[in-house]
Amino acid sequence: MFAGLTTSIVQRRIRPSWRGRLAAALTLAVLVTGDAYARTADIALTVIGDDRMTEELKTLAKNLDKDEPLSGDGLSLLQAAQARRARMVSALRSRGFYDSRVIATVAGQPIEDAAALDAIDAKPEAEKIDFVFNVATGPVYRVKSIDIDGPPSVVGYPALDRGKLGLLTDQPADAAVILATENQILDQVRQHGYALAEMPRREVVIDHATREAHVTYHVAPGPAATMGRVTFTGTEKVNTTYLQKRVPFKEGEPYTPDKVTAMRDRLTGLGVFSAVRIKPAQQLNAQGELPFEVEVKDRLPRTIGFGVSYETILGVGVNAYWQHRNLFGEAENLKLTAEVNHIGEGAFPADLGYSFKAEFLKPDWWLSGQDATASAQALREVLPAYTREAALLGVGLNRAFSPHLRASAGLTAEISQILKYGVTNYYRLVGIPLSATLNYADSDTDATKGYKLVGNITPYADLNHDNNLFAILKIVGTTYLNVSGDGRSVIAARAAFGSIPGGTNAFIPPDKLFYAGGGGSVRGFTYQSAGPRDAYNNPLGGASLVEGSVEFRQRIGKSFGVVAFVDAGSAYLTTLPNFGENMPRLGAGLGARYYTGFGPARLDLGIPLNKRDGDAPFGVYVSLGQAF
């Protein structure tokens with residue numbers, strides 16, 4: 001990373017070179033010594049000076065000891081020690097410590113001298129070699145001036161906003177920041193349409209007398225560009241004429257990198273490619289347009305998968321699915337899913353639950369960015385509140401208005417029979433589900449920053465019970481705070497509110513009421529149990545809902561993590577929560593995570609903090625993905 005910076009530094013103090021003489025001496029020495037013995041070595045590191053740099057060098061040394069242990073013959077050990085010294089010198093200079101000193105010796109001999117190899121070979125064969133590194137960081141050099149050379153209309157304000165650059169005067173002359181600022185300058189220039197902008201030269205002049213650095217960036221913007229023609233190569237299974245519909249710009253529009261990023265996102269979002277590579281042309285065409293070649297690699301169209309889940313009271317659930325991502329050549333998606341649950345709870349097989357579902361998605365139906373969906377499902381639910389058997393059909397449209405805003409509308413029909421208190425009721429429902437999602441979270445399965453807000457409202461007509469009308473409203477918000485900055489320590493929070501305006505439990509189907517408790521609600525309480533209950537502790541459900549959760553997530557190593565959480569929530573009989581009727585249930589606990597390429601596997605143990613008679617002493621939850 002620092003090589004490009006080092007080569008452009010103009011020094012005002014030059015030291016004589018010794019490397020040629022050392023290389024010749026080492027070559028002669030190895031010829032004289034003949035066969036060498038396999039040996040090992042340690043490095044004793046002492047650093048004085050800047051505390052932060054001291055810790056960085058110690059971390060560097062520890063990582064090198066782990067990844068590149070010192071072993072081999074005498075010459076190999078000496079060369080490895082010299083390489084480590086060079087790494088430390090480079091690290092120091094890259095952080096602005098240009099007066100630093102790294103003195104490395106073996107048996108009192110500087111490792112740069114030819115005598116160092118003799119000192120190693122003089123040691124007994126079985127004796128470990130000890131290298132001594134003494135480092136003095138010296139003072140840090142600071143940036144005195146920052147100049148950006150180029151056309152004033154391109155590098156002047158407001159075209160180039162220096163306030164958005166990482167490098168500031170009086171900061172340490174840190175190579176990483178200097179290089180990052182170069183990219184930030186080019187990013188801003190390209191945002192104004194200069195697609196071929198380059199940085200042909202960067203100068204960092206070090207003044208040892210004043211311990212200051214003078215940085216100059218030379219910008220060559222090139223001509224302003226417009227978006228050009230897009231051609232696709234590499235696919236044998238997806239219709240390239242259809243892929244043109246996924247291009248989010250027209251030829252001749254002003255160039256911006258954001259449009260290229262949007263094209264990449266729209267292509268990868270189809271799920272039919274394992275790789276997407278966008279290659280801009282090296283020069284503009286006669287019309288001033290920048291053409292693009294998009295090279296894609298087809299993904300295997302069919303997938304099968306399996307899953308297992310567990311939750312206290314609900315028992316074990318197993319599921320399997322088959323999916324085709326490119327059914328007719330335009331990324332049509334068909335997914336068939338089967339699930340059996342409530343295993344180990346109640347009589348077998350009478351108390352098993354099941355679900356069979358088919359889902360179809362046609363992307364870019366009628367309009368670009370608008371997906372058509374259809375689904376059919378048959379299910380049996382065995383829950384504490386009721387047992388339900390149902391068949392459902394649904395169609396809908398899902399449209400993206402921006403990378404962060406989506407909305408959907410649909411039509412559903414379902415017939416069901418629901419057993420509760422020994423009485424079976426029959427329902428025929430028609431619904432119009434409406435949904436809007438504002439999503440600024442950085443991941444759907446393991447977010448570390450941003451927020452997400454989802455609003456749903458579904459009006460229903462019950463054709464079996466005097467055409468009763470009711471509507472279900474629910475709003476859910478989640479937010480994520482990246483505490484550590486690298487995504488390894490995250491505070492996540494969730495809040496939810498639901499209401500059935502004007503509804504009462506008497507005529508609303510039990511499965512449409514609100515329930516709280518369980519792995520996606522209030523952990524520590526079993527599913528549906530955190531709300532109003534009858535005299536036999538059976539859940540009644542409610543016409544309103546309130547929930548809240550706070551979770552601290554800490555990753556450990558590469559693949560593991562731990563979680564501490566507090567959840568609160570309850571359902572209420574009234575259309576607005578009445579806390580006098582029932583205070584929210586509170587649950588807390590710990591969890592473990594195992595991170596995979598497709599999301600974290602979750603194991604949570606929750607304990608109810610204000611449980612009632614009939615509540616379990618704890619709840620265990622196993623599933624794929626974070627709780628929220």
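We're numbering straight along the sequence, starting at 1. In what follows, every heavy atom counts, from backbone to side chain, and hydrogens, waters and symmetry copies are set aside. Since we're looking at a predicted model, the values are computed, not measured.
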query: Side chains of Gln184 and Lys164: does their closest heavy-atom pair fall under 4.5 Å?
result: no
Exceeds 12 heavy-atom contacts within 6.0 angstrom, atom NZ of Lys62: no
Asp118 side chain reached by Gln109 side chain, heavy atoms, under 4.5 Å: no
field: Short side-chain to backbone donor-acceptor contact, Tyr621 and Gly524, under 3.5 Å
entry: yes
message: Using the rule side chain to side chain donor-acceptor pair (under 3.5 Å), only one of Thr137, Asp50, Asp174 pairs with Arg95; which is it?
response: Asp174
- prompt: Is the CZ atom of Arg87 crowded by more than 12 outside heavy atoms at less than 6.0 Å?
  reply: no
query: Between the side chain of Arg555 and the main-chain N/O of Lys558, is any donor-acceptor distance below 3.5 Å?
result: yes
query: Tell me, do Leu160 and Gln191 make a side-chain contact under 4.5 Å, heavy atoms counted?
result: no
- prompt: Do Val106 and Ile120 have side-chain heavy atoms sitting under 4.5 Å apart?
  reply: yes
field: Full working for side chain to side chain donor-acceptor pair (under 3.5 Å) between Gln554 and Ser489
entry: CA-CA 5 Å; Gln554 177 63 55; Ser489 301; 2.4 Å; yes
- prompt: Counting only heavy atoms not in Phe618, do more than 12 fall under 6.0 Å of its CZ?
  reply: no
field: Asp446 and Arg602: CA distance, side-chain angles, deciding distance, salt bridge (Lys or Arg N to Asp or Glu O under 4.0 Å) verdict
entry: CA-CA 11 Å; Asp446 187 25; Arg602 173 167 71 108; over 6 Å; no
query: Is there a donor-acceptor pair under 3.5 Å between the side chain of Arg488 and the backbone N or O of Gly557?
result: yes
- prompt: Looking only at heavy atoms, which two atoms of Thr181 and Leu165 are closest? And how far apart?
  reply: CG2-CB, 4.1 Å
message: Quick check for you: to the nearest 0.5 Å, what is the distance between Arg39 atom CZ and Glu127 atom CD?
response: 7.5 Å
- request: Go through the steps to decide whether Tyr594 and Phe560 satisfy the test ring pair (Phe, Tyr, Trp, His ring centres under 6.0 Å), and finish with yes or no.
  value: CA-CA 5 Å; Tyr594 179 75; Phe560 293 92; 5.2 Å; yes
- prompt: Which distance, rounded to the nearest 0.5 Å, do you find between the CG of Leu179 and the CE of Met199?
  reply: 10.5 Å
- request: Locate the shortest heavy-atom distance separating Leu586 from Ala568; write the atom from each residue and the value.
  value: CD2-CB, 3.4 Å
- prompt: Quick check: does any side chain N or O of Arg190 sit under 3.5 Å from a backbone N or O of Ala197, one acting as donor and the other as acceptor?
  reply: yes
- request: Return yes if a side-chain donor-acceptor contact under 3.5 Å exists between Asp258 and Thr256, otherwise no.
  value: no
task: Work out which heavy atom in Gly138 is nearest to a heavy atom in Phe97; give both atom names and the distance.
output: O-CD2, 3.3 Å
field: Validation row: Ile206, Val204 side chains within 4.5 angstrom (heavy atoms)
entry: yes
- prompt: Between atom CZ of Arg264 and atom CZ of Phe292, what is the distance when rounded to the nearest 0.5 Å?
  reply: 10.5 Å
task: Give, for atom CZ of Arg299 and atom OG1 of Thr235, the distance between the pair rounded to the nearest 0.5 Å.
output: 13.5 Å
- request: Flag the pair Leu92 / Leu57 as yes when at least one side-chain heavy-atom distance between them is below 4.5 Å, and no otherwise.
  value: yes
- prompt: Between Val230 and Ile278, does a side chain to side chain contact (heavy atoms under 4.5 Å, CB included) hold up when you go through it step by step?
  reply: CA-CA 9 Å; Val230 179; Ile278 300 176; over 6 Å; no
- prompt: Would Val316 and Val340 count as a side chain to side chain contact (heavy atoms under 4.5 Å, CB included) if you check the C-alpha gap in whole Å, the side-chain angles of each, and the deciding distance to 0.1 Å?
  reply: CA-CA 9 Å; Val316 176; Val340 179; over 6 Å; no
task: Search all heavy atoms of Leu590 against all heavy atoms of Ala564 and return the closest pair with its distance.
output: CD2-CB, 3.8 Å
task: Without swapping roles, check the side chain of Ser94 against the backbone of Ala91 for a donor-acceptor pair under 3.5 Å.
output: yes
message: Using ring centroids (six-membered ring only for Trp), state whether Phe565 and Phe552 fall under 6.0 Å.
response: no
query: Would you say Gln626's side chain and Pro600's backbone share a donor-acceptor pair under 3.5 angstrom?
result: no
task: Dump the intermediate steps for salt bridge (Lys or Arg N to Asp or Glu O under 4.0 Å) on Asp149 and Arg202, then the final yes or no.
output: CA-CA 10 Å; Asp149 177 44; Arg202 174 199 344 101; over 6 Å; no
task: Please assess Thr448 against Tyr480 for the test side chain to side chain contact (heavy atoms under 4.5 Å, CB included), listing each intermediate value before the final yes or no.
output: CA-CA 6 Å; Thr448 61; Tyr480 308 91; 5.8 Å; no
query: Is the closest side-chain heavy-atom distance between Tyr217 and Leu167 below 4.5 Å?
result: yes
task: First locate atom CG of Asp99, then atom CZ of Arg211, and finally report the distance between them rounded to the nearest 0.5 Å.
output: 5.5 Å
message: Under 4.0 Å between a side-chain nitrogen and a carboxylate oxygen: does that hold for Lys452 and Asp442?
response: no
query: Between Asp444 and Asn439, is any pair of side-chain heavy atoms under 4.5 Å apart?
result: yes
- prompt: Considering all heavy atoms of both residues, which atom of Ala173 and which atom of Ile178 are nearest to each other, and what is their separation?
  reply: C-CD1, 4.2 Å
task: Check the surroundings of atom CD1 in Ile556: do more than 12 heavy atoms from other residues, nucleotides or ligands lie under 6.0 Å from it?
output: yes
task: I would like to know whether Glu203 and His218 meet side chain to side chain contact (heavy atoms under 4.5 Å, CB included); could you show each step before the answer?
output: CA-CA 8 Å; Glu203 295 176 353; His218 298 273; 3.8 Å; yes
task: Keeping the roles fixed (side chain from Arg246, backbone from Leu267), state whether a donor-acceptor pair exists under 3.5 Å.
output: no
- prompt: Counting N and O atoms only, with roles assigned by atom type, does the side chain of Arg523 sit under 3.5 Å from a partner on the main chain of Gly587, one being a donor and the other an acceptor?
  reply: no
- request: Please confirm whether the backbone N or O of Leu300 pairs with a side-chain atom of Arg325, one donor and one acceptor, at under 3.5 Å?
  value: yes
Within 6.0 angstrom of Lys123 NZ, more than 12 heavy atoms from elsewhere: no
message: Working to the nearest 0.5 angstrom, can you tell me the gap between Thr445 OG1 and Leu624 CG?
response: 8.0 Å
Mutual orientation of the aromatic rings belonging to His208 and Tyr141 [parallel < 30°, tilted 30-60°, perpendicular > 60°]: perpendicular
- prompt: Are the side chain of Glu293 and the backbone N or O of Thr233 linked by a donor-acceptor pair below 3.5 Å?
  reply: no
task: Would you kindly check if the NZ (Lys) or CZ (Arg) of Arg84 is within the cone defined by 45 degrees around the ring axis of Phe133 and under 6.0 Å from the six-membered ring centre?
output: no
field: Candidate pair Ser76 and Asp73, rule side chain to side chain donor-acceptor pair (under 3.5 Å), full reasoning
entry: CA-CA 5 Å; Ser76 298; Asp73 58 27; 2.8 Å; yes
query: Are Lys237 and Asp298 close enough for a salt bridge, meaning some N to O gap below 4.0 Å?
result: no
For Ala116 against Leu78, the heavy-atom pair lying closest together: CB-CD1, 3.9 Å
